[in-house]
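All heavy atoms count here, side chains included; hydrogens, waters and symmetry mates do not. Every value quoted in this text rests on a predicted model; they were computed, and no experiment measured them. When a ligand or atom number is given, it counts from 1 through the structure's own listing order.
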Amino acid sequence: MSPTDHALPRVAVAVAGGSIGGLCAGIALRGYGADVDIYERHAGSVETRGAGIVVQDELTGLLRRHGAPPLPTTSCRVRRYLEPAGGNGSAQAMPQRFTSWEAIYRTLRATFPEAHYHTGAAIQGFETGGGAVRADVEGRGTVEADLLVVADGAQSETRRRLLPDVAPHYAGYVAWRGTLDEADAPTGLAASFDGAFTFSEARSGGHILAYLIPGANADVAPGRRRLNWVWYTHADDADLDRLLTDRDGRRHRSSLPQGGAAEGVVTALRDTARREVHPRLAELVAATPDPFIQTIVDVVVPRTVFGRACLLGDAAFVVRPHTAAAAAKAAGEATRLADALRRAPADVDAALASWQGGQLRAGRELTRYGVALGDRWAAARTAPNEQCDRTP
Ligand SMILES: Cc1cc2nc3c(=O)[nH]c(=O)nc-3n(C[C@H](O)[C@H](O)[C@H](O)COP(=O)(O)OP(=O)(O)OC[C@H]3O[C@@H](n4cnc5c(N)ncnc54)[C@H](O)[C@@H]3O)c2cc1C
């Protein structure tokens with residue numbers, strides 16, 4: 001843990017949400033010298049099989065500054081662009097590193113003290129005034145702090161309560177995602193993706209991409225990694241009703257977890273893959289157990305600071321996955337929050353005001369960038385190598 005670097009009274013911080021955003025905030029603010037407790041709604045571990053995340057500097061910078069263990073990563077040397085008709089396509093040199101949600105989560109958890117990470121502890125509401133915040137925490141009653149960082153995710157209940165007019169804007173397409181253990185892949189399939197960040201357009205629009213990520217327990221040894229893929233495809237409202245209705249007939253709001261998609265929908269996805277994308281990617285989709293789905297939305301907020309409470313990560317802006325920036329955005333916001341407090345250690349309100357200005361500018365900019373990337377492939381079947389240099 002980084003040493004504290006100021007001698008003023010310690011700021012007490014409560015964090016709502018113990019995923020990437022909440023953990024980054026907890027780690028960065030402890031590094032500043034705050035006393036931080038993280039309250040996570042889930043009672044058990046929130047680890048999942050974890051899909052892929054492109055490694056960005058803001059996250060690795062935070063990890064390095066705060067003495068985190070090395071982040072397990074995989075890497076590629078080239079981008080490969082395949083055509084739906086088959087063949088080896090074209091490649092260009094573009095080294096990049098990848099990780100998984102699970103690998104980031106484990107690394108962050110190992111960096112934040114266990115005794116201050118509370119599970120089964122949803123923040124159920126809060127009030128703020130008089131330079132403090134009082135949060136109602138499940139199973140613990142009222143917790144008082146100088147600052148509440150709300151990192152309760154894209155579906156943030158807190159955002160809904162504080163900003164009832166802010167509604168997620170559906171972008172008109174969804175991301176199908178899947179992971180396949182290298183060991184379970186058909187012979188030769190994993191090798192054909194090793195060392196490359198692979199893209200294929202789909203014949204009727206949209207595109208699919210694949211790369212290798214750490215496997216179970218964040219293992220990066222060849223043979224124990226996972227293949228990770230994402231397929232962006234258009235879906236109108238009627239499609240959404242079908243896609244988001246799970247195998248028990250329940251319509252979900254915006255995503256289905258692994259194992260949730262109805263059998264007929266998954267079969268149709270695999271059939272479509274055979275017609276639409278490069279055979280190697282179709283084979284990957286066919287071999288993947290339990291693909292899952294996320295609708296692509298934009299969430300733009302007009303403010304993020306409410307007295308002594310602030311929104312961070314996906315609870316504030318939700319940006320398109322093409323930016324490859326959601327985890328990095330959360331890390332950057334956390335780092336800048338600690339920096340703002342460092343610059344104005346005697347005035348938490350001034351620190352929050354200056355932090356909010358930068359966060360709103362960066363969030364709007366990233367939203368515009370993500371929308372432009374999404375529009376680019378939605379509008380035309382562009383050559384994939386005309387797409388942005390880090391489009392995931
Ligand atoms: C289980 C999981 C798996 C993910 N996998 C991927 C992935 O594979 N690829 C990818 O790109 N992104 C993934 N994400 C999203 C990614 O983590 C985020 O986009 C980004 O890192 C910013 O995260 P966040 O912490 O702001 O929000 P989230 O990651 O959504 O975390 C919000 C957290 O807040 C908790 N919470 C909600 N309400 C309350 C409350 N009232 N009180 C306390 N806690 C609350 C939730 O349980 C959750 O842990 C995943 C998120 C989760 C939770």
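A distance of 6.0 Å or more separates the ring centres of His207 and Tyr173.
Each of the atoms 9 (N) of ligand 1 lies under 4.0 Å from some heavy atom of Gly52. Those atoms of ligand 1 with a heavy atom of Arg177 less than 4.0 angstrom away are 9 (N), 10 (C), 11 (O). Here is the list of ligand 1 atoms found below 4.0 Å of a heavy atom in Ala327: 21 (O). In the vicinity of Gly17, heavy-atom distances shorter than 4.0 Å reach the ligand 1 atoms 34 (O), 35 (C), 43 (C), 44 (N). Interface of Gly21 with ligand 1, defined as ligand atoms under 4.0 Å from a residue heavy atom, comprises 23 (O), 24 (P), 25 (O). Distances below 4.0 Å separate heavy atoms of Gly153 from the following atoms of ligand 1: 27 (O), 28 (P), 30 (O), 32 (C). Applying the 4.0 Å criterion to heavy atoms of His42 picks out, from ligand 1, the atoms 47 (O). Residue Gly313 approaches ligand 1 through these ligand atoms, each under 4.0 Å from one of its heavy atoms: 26 (O).
Contact between Ala151 and Gly22 at its shortest, heavy atoms only, is CB-N, 3.5 Å. Nearest heavy atom pair, residue Gly332 against residue Glu58, reads CA-OE2, 3.6 Å. Between Leu209 and Tyr232 the shortest heavy-atom distance is CD2-CE1, 4.1 Å.
At a heavy-atom distance under 4.0 Å, atoms from both the backbone and the side chain of Asp152 approach ligand 1.
Of the N or O atoms in Ala51, one or more lie within a sub-3.5 Å distance of an N or O in ligand 1. Any N or O atom pair closer than 3.5 Å counts here, and Ala330 shares no such pair with ligand 1. Looking at Ala326 next to ligand 1, no N or O pair under 3.5 Å apart turns up.
The existence of a salt bridge linking Arg280 and Glu283 is excluded, since no basic side-chain nitrogen approaches an acidic carboxylate oxygen closer than 4.0 Å. In summary, Arg308 and Asp349 engage in a salt bridge, as defined by a charged side-chain N under 4.0 Å from a carboxylate O.
Judged by the shortest distance from any of its heavy atoms, Glu157 lies outside the 4.0 Å radius around the atoms of ligand 1. For Gln155, the closest heavy-atom approach to ligand 1 does not fall below 4.0 Å.
The line from CD1 of Ile53 to CG of Leu59 is 8.5 Å long, rounded to the nearest 0.5 Å.
Counting only non-hydrogen atoms, the option in Ala151, Pro321, Gly22 that gets closest to atom 33 (C) of ligand 1 is Ala151. Residue Trp101 holds the heavy atom nearest to atom 13 (C) of ligand 1 of all those in Phe317, Trp101, Phe126.
Of the candidates Asp181, Asp194, Asp219, Asp194 is the only one forming a salt bridge (Lys or Arg N to Asp or Glu O under 4.0 Å) with Arg225.
Connection of Leu360 to Val299 is established within a shared hydrophobic cluster, with ILVMFWY side chains joined at heavy-atom distances below 4.5 Å, either directly or through further cluster members.
Between His116 and His118, the ring-plane angle classifies as perpendicular under the 30° and 60° cut-offs.
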